[in-house]
Every structure is written in structure tokens, then in C-alpha cells.
Protein chains: 2
Amino acid sequence: MSRRAGLDKPSVVAAAAALVNRDGVAALSLKRLAEELGVQTPSLYNHVAGLPGLERELALLGVQRLGDALTAAVIGKSGAAAVTALLDAYRAFVTANPGLATYTVRPAALDAPDDAERIQAEARIVQVAVAVVASFGLAGDDAIHAVRALRSVAHGFATLEAAGGFGIPLDLDESFRRLTAMVNAGLGQQAKIQMGSGD
Amino acid sequence: MSRRAGLDKPSVVAAAAALVNRDGVAALSLKRLAEELGVQTPSLYNHVAGLPGLERELALLGVQRLGDALTAAVIGKSGAAAVTALLDAYRAFVTANPGLATYTVRPAALDAPDDAERIQAEARIVQVAVAVVASFGLAGDDAIHAVRALRSVAHGFATLEAAGGFGIPLDLDESFRRLTAMVNAGLGQQAKIQMGSGD
DNA sequence: CTATTATACTAATATAATTAGTTTTGTTCC
DNA sequence: GGAACAAAACTAATTATATTAGTATAATAG
């Protein structure tokens with residue numbers, strides 16, 4: 001039994017992510033995390049800058065992983081297929097990482113305007129979404145409005161689902177399919193209007 | 001300067017609600033709340049059952065106020081006008097009460113299945129939403145799917161907006177108008193399908 | 001006016017975050 | 001292989017908060 005636990009920043013952050021995904025963000029404490037890692041609480045300060053620093057790392061990890069998932073989901077797709085894949089991937093990410101997903105909501109720009117790494121990771125997600133709506137024929141302000149709609153729908157449904165907010169025993173997949181269809185129809189309508197205005 | 005601060009449960013909960021709306025739910029502590037009320041921390045235990053009890057009261061207050069707002073918004077309306085009013089009222093509530101709204105997400109049934117007061121307040125909101133989609137011509141499972149869509153859209157947009165999640169300087173009201181129009185179009189489509197299946 | 005209750009208090013305990021300073025382990029360089 | 005260095009863990013101590021127990025005082029009912 002060596003005195004070295006063999007920790008480093010990634011392993012500490014990964015353990016914290018597992019903790020918040022399992023027991024919720026309210027359950028995160030350095031004490032508890034240290035116990036799970038078989039180490040004394042102050043030892044964690046060798047790897048993360050206290051609780052605020054750990055939360056920053058969780059936010060970065062969450063945004064990066066979400067960006068990876070969304071990017072992978074839409075590769076080679078366009079139009080309605082891309083929108084459907086994007087929404088499904090967002091929902092799947094939140095379902096699989098309910099704790100981590102919580103940290104992806106508040107933009108870095110508000111609390112840490114100098115955190116280029118986080119801001120860049122967030123920008124990548126917006127870029128993916130913009131590309132998806134572009135493949136639908138939307139550009140400019142229309143594209144931004146459309147991205148906001150996509151994000152609202154995906155975030156709203158997935159967050160409520162993860163929080164256990166849909167109590168009635170009726171197929172959630174079907175609810176999400178219908179919501180996705182509604183979004184695709186709405187974006188198609190928008191795209192038609194936009195093309196018409198180009199004359 | 002009397003020794004009595006004149007507190008009671010409603011005033012303590014109201015002060016806590018103001019605190020979380022102003023500074024966020026993470027800023028809520030009995031210490032801080034007691035300071036704002038000009039009292040020592042343990043005195044709060046005469047009015048609420050510690051921090052967990054206070055959070056329960058905030059959840060109840062939030063769900064009741066949200067129910068009031070939604071009910072008032074849709075009185076005398078039906079169809080698309082009712083849906084629009086419902087979504088607008090939800091968004092306005094979250095904007096005006098970002099902290100309190102946080103406590104309305106997780107259903108009481110999960111943590112406190114015996115808390116009849118909270119569960120009833122939550123049921124009232126569902127009833128209002130069901131009535132709105134019924135006025136649109138939706139019933140049964142279709143109504144439940146529609147209510148989930150409404151809630152996802154409203155919750156998603158309003159939560160992201162309140163969290164400052166929409167960074168790009170483009171009119172948020174216009175984004176919400178388009179999202180609302182999309183929902184109304186989608187529900188209208190659903191209603192048409194449902195009527196057709198009745199033959 | 002007295003008895004009762006409610007409200008606020010002080011004192012004490014427990015848990016968690018954080019800082020400071022120390023020890024031990026692993027690595028690098030000669 | 002041994003010395004020097006850096007990294008990672010530790011112990012000890014401080015601070016902040018929640019909570020409980022027990023006490024005193026103000027408001028109120030009879």
C-alpha cells in the first residue's frame with residue numbers, strides 16, 4: 001500500500017464527474033470526493049484549485065464532451081436528419097451525464113470572461129448548431145433564432161426528463177419524437193419564408 | 001429596539017425567495033438569511049425546519065406562484081392565444097423569479113411523496129396546461145405529449161435566458177415569438193391529425 | 001395580574017473548506 | 001548509486017455554516 005494514490009487532475013475531475021452524475025451536484029464536496037479517492041481532503045488541492053476550481057474543470061469537461069457528442073452525431077448529415085441527430089445527441093448526453101450537464105448551462109463569459117478554453121469549447125457547440133441550421137437553408141439572424149429554438153427544446157426536454165419532471169407514465173421517446181418533428185416542421189417553414197424574401 | 005423581530009414563516013420564506021432571486025440559489029444560507037432579517041441564525045428554526053425545510057417552503061411557494069401566474073394568463077383564452085399566453089407567462093415568471101423557479105423543476109413526488117400540498121400545487125399546473133391543449137383540440141395521450149412539448153419549450157428557453165445562456169446580442173423577444181409560433185403550428189398540425197383519426 | 005406560549009437568545013457540537021507547513025515519494029542528473 | 005529537486009500526500013489549525021439544547025423574555029389569554 002504505497003503512500004501515493006497516483007492522482008492527477010484528469011482523474012480527480014473524472015471522479016468528481018462520476019459523483020455528480022450519480023448523486024447530483026448538491027452531493028459534491030471535497031470531503032466526499034477525497035473519501036472516494038482514498039485520500040485526505042487537502043490532498044485534492046494539489047490537483048484542483050479548491051471547490052471553485054473543481055467546478056470550473058467540470059464545466060470545461062462537460063462543454064467539451066457535449067461538443068464532441070454533438071459534432072459526432074451530425075457528421076455527414078444535413079437538414080431534418082441533422083436536426084434530429086443533434087437533438088437526440090443532446091438528450092442522450094444529458095441522460096448519461098445529468099450532473100455534468102448542469103455545469104454546461106451558464107456561459108463562461110459571465111463568470112470567467114478570461115477563460116479562453118471554456119469560451120472556445122462553448123463556441124464550438126454554437127458552430128455545430130449553426131452549421132446544422134445552415135444545412136436547412138437558414139442564415140444570418142434567422143439562423144441564430146433557429147439555434148436558440150433548438151437549444152431551448154433540447155435543453156428543456158432533457159433537463160426536465162433528467163430531473164424526473166415527467167411523472168405521467170407515457171412513452172418519453174414518443175414525446176421527444178413529436179417534439180423533434182415539430183421543430184423540423186417549424187425550421188422548414190422558416191427556411192421557406194427566408195427563401196421567399198430573397199426575391 | 002424591541003427584542004422581537006416580528007418574524008413568521010411567510011416573512012422568512014419571502015426573504016429567502018428574494019435572496020435566491022437576487023443572488024442565486026447557491027447564495028442561500030441560514031447565516032446570510034438571518035443577517036438580512038436582523039436575527040441570529042438559530043432563531044430561524046422557530047419558523048422553518050432548517051435548510052431542508054426552507055427549501056421545501058421555497059419549492060411550494062414557487063409552484064403556487066407559477067400556478068397562479070399561468071392560471072391568470074390563460075383565463076378567457078383558447079387555442080393559439082392560450083398557448084401563447086401560457087408560454088409568455090411561464091417565461092415572465094422565470095425572468096422575474098429566477099431563483100424561485102429553480103425549485104419548481106424537481107417534482108415533489110420524487111423526494112417527498114407524502115407532501116400533499118406540493119403535489120396538489122403541481123397537479124394544478126398540469127391541469128391548466130391540459131386545459132389549454134384541450135382548447136386546441138387535443139386529448140388523451142396526444143394532450144400529454146403536447147403538454148410535455150409546451151413545458152419543454154417554455155422551461156428550456158426561460159431557463160437558458162435567465163442563466164444568461166444566450167450570449168449573442170439578438171432580440172430575445174423575437175426568438176421567443178418564433179418559438180411560440182413554431183409550437184402553435186405544431187400543435188395545430190397534431191390537432192388536425194387527431195381529428196382525422198376520429199373517422 | 002398570572003400563566004402560558006411563542007420567539008429570540010447564548011452556548012456548544014459537527015461538518016466542510018481552506019491554508020500553512022511538513023514529510024515522503026519519485027525522478028533527474030551527475 | 002547517490003544527491004538534488006519537484007510533486008504529491010500528509011497533519012494541524014482556522015474559518016464558516018448548520019444544527020441542537022437549553023434559557024430568557026416578550027406577547028397574549030384567561
Side-chain angles (χ1 to χ4, degrees), chain A residues 1-62 99-100 102-103 106 111-112 115, chain B residues 1-62 99-100 102-103 106 111-112 115:
Chain A
M1 189 180 293
S2 102
R3 283 197 68 151
R4 287 283 169 110
L7 296 183
D8 55 9
K9 180 144 85 178
S11 62
V12 169
V13 175
L19 200 167
V20 296
N21 285 335
R22 184 177 3 102
D23 299 329
V25 296
L28 179 65
S29 76
L30 293 183
K31 178 98 167 20
R32 176 123 181 245
L33 180 59
E35 278 168 7
E36 294 198 358
L37 290 168
V39 102
Q40 296 296 320
T41 307
S43 304
L44 297 177
Y45 284 75
N46 288 316
H47 306 291
V48 294
L51 199 49
L54 178 58
E55 284 164 350
R56 182 265 173 192
E57 298 300 331
L58 288 171
L60 176 63
L61 181 67
L100 207 51
T102 304
Y103 295 94
R106 190 168 173 85
D111 302 310
D115 192 336
Chain B
M1 188 182 292
S2 99
R3 282 196 70 151
R4 287 285 169 108
L7 297 183
D8 54 8
K9 181 143 87 177
S11 63
V12 170
V13 175
L19 200 168
V20 297
N21 285 336
R22 183 177 4 102
D23 299 329
V25 295
L28 179 65
S29 76
L30 293 184
K31 178 101 164 25
R32 178 122 180 247
L33 181 58
E35 278 168 8
E36 295 197 359
L37 290 168
V39 101
Q40 295 298 319
T41 307
S43 304
L44 298 176
Y45 285 76
N46 288 314
H47 306 290
V48 294
L51 198 51
L54 178 59
E55 284 164 351
R56 183 266 173 190
E57 298 300 331
L58 288 170
L60 176 63
L61 181 67
L100 207 51
T102 305
Y103 295 95
R106 189 168 173 85
D111 301 311
D115 193 336

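Order of the sequence lines fixes the chain letters, A, B, ..., with proteins taken first and strands second; residue numbering starts at 1 for each chain. Just so it is clear, the model here is predicted, and its values are computed rather than measured.
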Between [N] and [X], counting only base atoms on the nucleotide and side-chain atoms on the residue, is there a donor-acceptor pair under 3.5 Å?
X: A:Arg32; N: C:dA16; answer: no
X: B:Asn46; N: C:dA8; answer: yes
X: A:Arg4; N: D:dA9; answer: no

Between B:Ser43 and C:dC9, is there a side-chain N or O to OP1/OP2 distance below 4.0 Å?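 Checking B:Ser43 against C:dC9: at least one side-chain N or O falls below 4.0 Å of OP1 or OP2.
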Taking only side-chain nitrogens and oxygens of B:His47, does any of them come within less than 4.0 Å of OP1 or OP2 of C:dA6?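 Answer no for this pair, as no side-chain N or O of B:His47 is under 4.0 Å from OP1 or OP2.
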Interatomic distance, [X] [atom1] vs [N] [atom2] [rounded to whole Å]:
X: B:Leu44; N: D:dT20; atom1: CG; atom2: P; result: 13 Å
X: A:Glu35; N: D:dC10; atom1: CD; atom2: P; result: 13 Å
X: B:Leu51; N: D:dA16; atom1: CG; atom2: P; result: 18 Å
X: A:Lys9; N: D:dA9; atom1: NZ; atom2: P; result: 15 Å
X: B:Leu30; N: C:dA14; atom1: CG; atom2: P; result: 19 Å
X: A:Tyr45; N: D:dA8; atom1: OH; atom2: P; result: 17 Å
X: B:Lys31; N: C:dC9; atom1: NZ; atom2: P; result: 13 Å
X: B:Leu54; N: D:dT17; atom1: CG; atom2: P; result: 15 Å

Pair B:Ser43-B:Asn46, side-chain donor/acceptor within less than 3.5 Å: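 Their side chains do not contain a donor-acceptor pair, so the 3.5 Å distance test is not met.
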Looking only at side-chain atoms of A:Pro42, point me to the closest of D:dA18, C:dA20, C:dC9.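 For the A:Pro42 side chain, the nearest candidate turns out to be C:dA20.
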Listed nucleotide nearest any side-chain atom of B:Gln40, set C:dT10, D:dC10, D:dT19: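 Among the listed nucleotides, the one closest to the side chain of B:Gln40 is C:dT10.
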When you compare the side chain of A:Val25 with that of A:Tyr103, does any pair of heavy atoms fall below 4.5 Å? yes
Classify B:Ser29 by what it touches in the nucleic acid, base, sugar-phosphate, or nothing, heavy-atom distance under 4.0 Å.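 Sugar-phosphate, no base atom in range.
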Short N-O contact, A:Arg56 and A:Asp111, less than 4.0 angstrom: no
Check whether any side-chain N or O of B:Asp8 sits under 3.5 Å from a backbone N or O of B:His47 as a donor-acceptor pair, and report yes or no. no
Treating B:Asn21 as the side-chain partner and B:Leu100 as the backbone partner, does any N or O pair qualify as donor plus acceptor under 3.5 Å? yes
